[in-house]
Structure formats: C-alpha cells, structure tokens
*Asks:* 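Next up is a structure, given as structure tokens.
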Amino acid sequence: QVQVVEAGGGPVQTGGSLTLSCTISERTFSNYAMGWFRRAPGKEREIVALIGRSGESVYYRDSVKGRFTVSKVNLKGTLLLHMNNLKPEDTAVYYCAAKYRENDLYYRGQYNDWGQGTQVTVSS
C-alpha cells in the first residue's frame, strides 16, 4: 500500500495564504495522478484540485479557481497546493490522494491511497 503524507496545514486569517505539501512512499511518483480533497465539519468530502501524472492536466472546483494552485514536482516527489486569499469557508481537513495511472489526465474516479489529512482553519 502506498503511504501518503500531507503537511503544511494550520491556522490562518481571512485573506491569508498557506501551502500544503504531499509526498508518497512510491519512488515512481511521476506515474501517479494526485488529488487534493477536503472535508469541512458536518459536510461531505469534496474535490479541491486534481492533477495528472506530469502536472499538465489539472482540475479545480469552482470555489477555489483563481485562489488555489496545484502543482506536481516530479523530480522532488512532491505535490503542492498553494492557497491564497483564504476564506472561512475553506476551513476543513485537507487530504491528499494518489492513483497510479497509465495516462496523463487528471483522475476523478476512486482513489485508493489517502493521507491522514491536515487541518486548515481560516478565521474571520
């Protein structure tokens, strides 16, 4: 099983910025499509951003477009989520997930390997 580890969460004020990072235990990081998800208290888990193997194919949920940027640094084996202009509604536990893929498109299906999550709390 692939181990997935997130880091970088914490408290931030409205309008602030945070960068989350994610690494996996596999040496073939470049063969994995990745995703950032979040679960707010009392809500279902939702997609935040998805990215294909090379990092060229990306998807964002509408509410984070223009504020969040996902990037995949294959040489460093790291997935990043840069979050700017944070809002209280961005408060959630953020999860990173990985999926081995044969093609380079982002993946919206079932992810098998998940991290434990990192809390992001945006105060007004």
Side-chain angles (χ1 to χ4, degrees):
Q1 187 173 355
V2 177
Q3 303 299 312
V4 181
V5 180
E6 307 97 338
V12 64
Q13 292 188 331
T14 297
S17 300
L18 277 177
T19 296
L20 306 183
S21 63
C22 173
T23 57
I24 66 174
S25 58
E26 291 295 307
R27 297 176 69 178
T28 56
F29 180 78
S30 60
N31 290 338
Y32 283 78
M34 308 285 292
W36 285 104
F37 301 77
R38 67 188 182 188
R39 178 177 284 148
K43 295 187 177 180
E44 297 288 320
R45 186 175 64 199
E46 61 187 20
I47 296 170
V48 176
L50 306 172
I51 190 165
R53 292 178 5 158
S54 72
E56 292 188 0
S57 175
V58 295
Y59 166 87
Y60 297 96
R61 70 179 301 102
D62 286 345
S63 63
V64 307
K65 286 180 181 178
R67 301 189 298 123
F68 291 12
T69 302
V70 61
S71 59
K72 192 170 184 277
V73 188
N74 283 333
L75 288 178
K76 294 185 177 181
T78 302
L79 178 73
L80 299 172
L81 183 68
H82 299 285
M83 304 184 294
N84 296 317
N85 190 22
L86 283 160
K87 304 175 180 181
E89 52 263 43
D90 295 317
T91 294
V93 178
Y94 283 70
Y95 298 91
C96 175
K99 177 72 173 180
Y100 181 88
R101 297 288 285 165
E102 295 288 336
N103 64 51
D104 196 25
L105 298 176
Y106 65 77
Y107 180 68
R108 292 199 66 165
Q110 182 74 30
Y111 282 75
N112 298 323
D113 300 302
W114 294 82
Q116 294 298 307
T118 185
Q119 176 72 47
V120 173
T121 303
V122 185
S123 59
S124 57

*Asks:* Applying ring pair (Phe, Tyr, Trp, His ring centres under 6.0 Å) as the test, list every pair that has at least one member in residues 73-113; sequence neighbours left out.
*Replies:* Tyr32-Tyr100, Phe37-Tyr111, Tyr59-Tyr106, Tyr107-Tyr111
*Asks:* Given salt bridge (charged side-chain N to carboxylate O under 4.0 Å, His left out), test Lys65 with Asp62 step by step and report yes or no.
*Replies:* CA-CA 5 Å; Lys65 286 180 181 178; Asp62 286 345; 3.1 Å; yes
*Asks:* Of all the heavy-atom pairs spanning Ala98 and Met34, show the shortest one and how long it is.
*Replies:* CB-SD, 3.6 Å
*Asks:* Tell me, yes or no, whether the heavy-atom count around Glu89 atom CD, taken from other residues, nucleotides or ligands under 6.0 Å, exceeds 12.
*Replies:* yes
*Asks:* Just verifying a value: how many Å separate Thr69 OG1 and Asn84 CG, rounded to the nearest 0.5 Å?
*Replies:* 6.5 Å
*Asks:* Please examine the side chains of Met83 and Val12, heavy atoms only from C-beta on, and report whether any two atoms are closer than 4.5 Å.
*Replies:* no
*Asks:* Anything under 3.5 Å between a donor and an acceptor, one on a side chain of residues 22-29, the other on a protein residue two or more places apart or in another chain? List them.
*Replies:*
residue	atom	partner	partner atom	Å
Ser25	OG	Gln3	N	2.9

*Asks:* Whether the Asn85 and Lys87 side chains hold a donor-acceptor pair (N or O, under 3.5 Å, no angle test) is what I'd like checked.
*Replies:* no
*Asks:* For Gly9 versus Leu20, what's the shortest heavy-atom pair and its separation?
*Replies:* N-CD2, 3.5 Å
*Asks:* Please say yes or no: joined through hydrophobic side-chain contacts below 4.5 Å, possibly via intermediate residues, are Leu79 and Val5 part of one cluster?
*Replies:* no
*Asks:* Looking only at atom types and distance, does a side-chain atom of Tyr60 sit under 3.5 Å from a main-chain N or O of Val70, one as donor and one as acceptor?
*Replies:* yes
*Asks:* Enumerate donor-acceptor pairs with a distance under 3.5 Å from any side-chain N or O in residues 45-56 to protein atoms, sequence neighbours excluded.
*Replies:*
residue	atom	partner	partner atom	Å
Glu46	OE1	Arg61	NH2	3.4
Glu46	OE2	Arg38	NE	2.7
Glu46	OE2	Arg38	NH2	3.1
Arg53	NH1	Arg101	O	2.8
Ser54	OG	Glu56	N	3.3
Ser54	OG	Asp104	OD1	3.1
Ser54	OG	Asp104	OD2	2.6

*Asks:* If you measure from NZ on Lys72 to CG on Leu80, what distance do you get to the nearest 0.5 Å?
*Replies:* 11.5 Å
*Asks:* Rounded to the nearest 0.5 Å, how far does CD of Gln116 lie from OG1 of Thr118?
*Replies:* 11.5 Å
*Asks:* Does any non-hydrogen side-chain atom of Trp114 lie less than 4.5 Å from one of Cys96?
*Replies:* no
*Asks:* With a 4.5 Å cut-off on side-chain heavy-atom distances among I, L, V, M, F, W and Y, is there a chain of contacts connecting Leu86 to Val93?
*Replies:* no
